[in-house]
Amino acid sequence: MATMEKVPMLAEGYERLTADLKVLREERPRIVEAIEEARAHGDLSENAEYHAAKERQGQVEAQIAEIEDKVSRAQIIDPTTLSGDKIIFGATVTLLDENDKPVRYQICGQTEADANRGRISYNSPLARALIGKQVGDEIEVTVPAGEKFYLVDKIEFI
């Protein structure tokens with residue numbers, strides 16, 4: 001049973017989820033047609049098209065249920081309305097690594113996390129280490145590559 005706690009996300013993540021949901025819902029009738037067409041071919045026990053269509057139907061229905069759950073519990077957070085001197089969900093943080101090289105991350109929801117675009121999930125090890133910290137604080141975080149050390153250089157709400 002899923003918990004009923006809110007799922008924090010940025011507006012962009014919410015829009016992407018609702019767009020994905022729309023696409024999946026539009027796929028439903030095509031899957032039903034494929035099942036009916038495959039069923040018309042006769043013996044279902046050796047009908048690969050029928051089994052593939054039924055499997056796809058199960059996948060789509062599971063995805064729809066998961067996305068509907070997230071959308072219904074979404075807590076949309078607009079970083080531009082936030083302020084403060086501590087790192088929280090939605091903050092864009094500039095860190096200095098061990099070599100004083102700046103790295104920048106925005107703390108966002110799980111569905112919109114993309115490390116390549118500088119977005120990390122609020123429940124990632126780095127984000128958990130950052131939340132509550134202020135400019136000048138040092139962070140030590142264990143990542144798959146080992147220990148990483150950062151200095152909080154800047155906190156923005158953009």
Side-chain angles (χ1 to χ4, degrees), residues 1-32 34 52-158:
M1 182 76 191
T3 58
M4 290 309 296
E5 65 188 47
K6 291 289 186 188
V7 178
M9 62 182 70
L10 304 173
E12 181 183 315
Y14 182 81
E15 289 165 11
R16 186 168 48 246
L17 272 182
T18 54
D20 290 349
L21 188 57
K22 183 176 187 257
V23 168
L24 288 168
R25 285 179 175 158
E26 288 170 355
E27 189 175 346
R28 276 176 165 163
R30 290 193 296 275
I31 294 171
V32 170
K54 287 297 281 183
E55 185 175 322
R56 179 66 185 146
Q57 183 181 40
Q59 291 169 341
V60 167
E61 292 304 323
Q63 287 177 306
I64 287 172
E66 182 181 335
I67 293 173
E68 283 176 340
D69 176 57
K70 286 179 183 169
V71 166
S72 71
R73 296 183 298 125
Q75 178 182 7
I76 300 167
I77 296 172
D78 179 359
T80 61
T81 64
L82 305 172
S83 63
D85 58 356
K86 289 188 188 291
I87 299 171
I88 58 174
F89 183 96
T92 299
V93 185
T94 303
L95 307 170
L96 298 177
D97 67 10
E98 294 102 339
N99 303 318
D100 284 337
K101 180 180 167 230
V103 289
R104 189 170 155 160
Y105 295 108
Q106 182 176 31
I107 299 174
C108 62
Q110 289 177 276
T111 56
E112 53 215 340
D114 181 354
N116 294 330
R117 293 182 50 218
R119 292 187 159 187
I120 57 173
S121 169
Y122 66 93
N123 57 7
S124 70
L126 178 56
R128 286 198 312 260
L130 288 171
I131 290 176
K133 300 292 191 263
Q134 298 175 300
V135 171
D137 285 353
E138 293 182 4
I139 288 108
E140 177 184 347
V141 65
T142 304
V143 294
E147 296 291 316
K148 289 276 197 177
F149 297 91
Y150 295 102
L151 174 70
V152 179
D153 188 45
K154 186 158 66 172
I155 301 169
E156 300 171 278
F157 297 97
I158 51 177

Does a side-chain heavy-atom distance below 4.5 Å link [X] with [Y]?
{"X": "Arg128", "Y": "Val141", "result": "no"}
{"X": "Lys148", "Y": "Asp97", "result": "no"}
{"X": "Glu156", "Y": "Gln106", "result": "no"}
{"X": "Ile107", "Y": "Ile88", "result": "no"}
{"X": "Gln63", "Y": "Glu27", "result": "no"}
{"X": "Arg30", "Y": "Arg56", "result": "no"}
{"X": "Thr111", "Y": "Arg16", "result": "no"}
{"X": "Lys133", "Y": "Val93", "result": "no"}

What heavy-atom pair brings [X] and [Y] nearest, and what distance separates the two atoms?
{"X": "Thr18", "Y": "Glu15", "result": "OG1-O, 3.0 Å"}
{"X": "Pro79", "Y": "Gly90", "result": "CB-O, 3.3 Å"}
{"X": "Thr80", "Y": "Asp78", "result": "OG1-OD1, 2.7 Å"}
{"X": "Ala91", "Y": "Ile87", "result": "CB-CG2, 4.3 Å"}
{"X": "Ala34", "Y": "Ala53", "result": "CB-CB, 4.1 Å"}
{"X": "Gln110", "Y": "Ser121", "result": "CG-OG, 3.4 Å"}

Report task. Apply salt bridge (charged side-chain N to carboxylate O under 4.0 Å, His left out) to the pair Glu68 and Arg25, showing each step before the final yes or no. Result -> CA-CA 11 Å; Glu68 283 176 340; Arg25 285 179 175 158; 2.4 Å; yes
[X] [atom1] to [Y] [atom2] distance, which is reported to the nearest 0.5 Å:
{"X": "Ile64", "Y": "Glu61", "atom1": "CD1", "atom2": "CD", "result": "4.5 Å"}
{"X": "Lys70", "Y": "Leu21", "atom1": "NZ", "atom2": "CG", "result": "12.0 Å"}
{"X": "Leu126", "Y": "Ile131", "atom1": "CG", "atom2": "CD1", "result": "10.0 Å"}
{"X": "Leu95", "Y": "Lys154", "atom1": "CG", "atom2": "NZ", "result": "12.0 Å"}
{"X": "Leu10", "Y": "Phe89", "atom1": "CG", "atom2": "CZ", "result": "5.0 Å"}
{"X": "Arg104", "Y": "Ile120", "atom1": "CZ", "atom2": "CD1", "result": "13.0 Å"}

**Report entry** Candidate pair Val152 and Ile139, rule side chain to side chain contact (heavy atoms under 4.5 Å, CB included), full reasoning
**Finding:** CA-CA 8 Å; Val152 179; Ile139 288 108; 3.2 Å; yes
**Report entry** Test item: Glu98 side-chain N/O and Phe149 main-chain N/O as donor-acceptor pair under 3.5 Å
**Finding:**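 Between the backbone of Phe149 and the side chain of Glu98 there is a qualifying donor-acceptor contact (under 3.5 Å).
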**Report entry** From CA spacing to verdict: side chain to side chain contact (heavy atoms under 4.5 Å, CB included), Met9, Leu17
**Finding:** CA-CA 10 Å; Met9 62 182 70; Leu17 272 182; 3.6 Å; yes
Requested in this report: May I ask you to check whether over 12 heavy atoms, not counting those of Glu138, lie within 6.0 Å of atom CD?
Outcome: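 At most 12 heavy atoms, drawn from other residues, nucleotides or ligands, come within 6.0 Å of this atom.
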Query - Verdict with reasoning, Ile155 to Lys86, per side chain to side chain contact (heavy atoms under 4.5 Å, CB included) - result: CA-CA 8 Å; Ile155 301 169; Lys86 289 188 188 291; 5.9 Å; no
Query raised in the report: With Thr94, which of Val103, Val135, Asp153, Leu151 fulfils side chain to side chain contact (heavy atoms under 4.5 Å, CB included)?
Result: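 In the set Val103, Val135, Asp153, Leu151, the residue that makes a side chain to side chain contact (heavy atoms under 4.5 Å, CB included) with Thr94 is Asp153.
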Query - Tyr150 and Leu130: CA distance, side-chain angles, deciding distance, side chain to side chain contact (heavy atoms under 4.5 Å, CB included) verdict - result: CA-CA 10 Å; Tyr150 295 102; Leu130 288 171; 5.8 Å; no
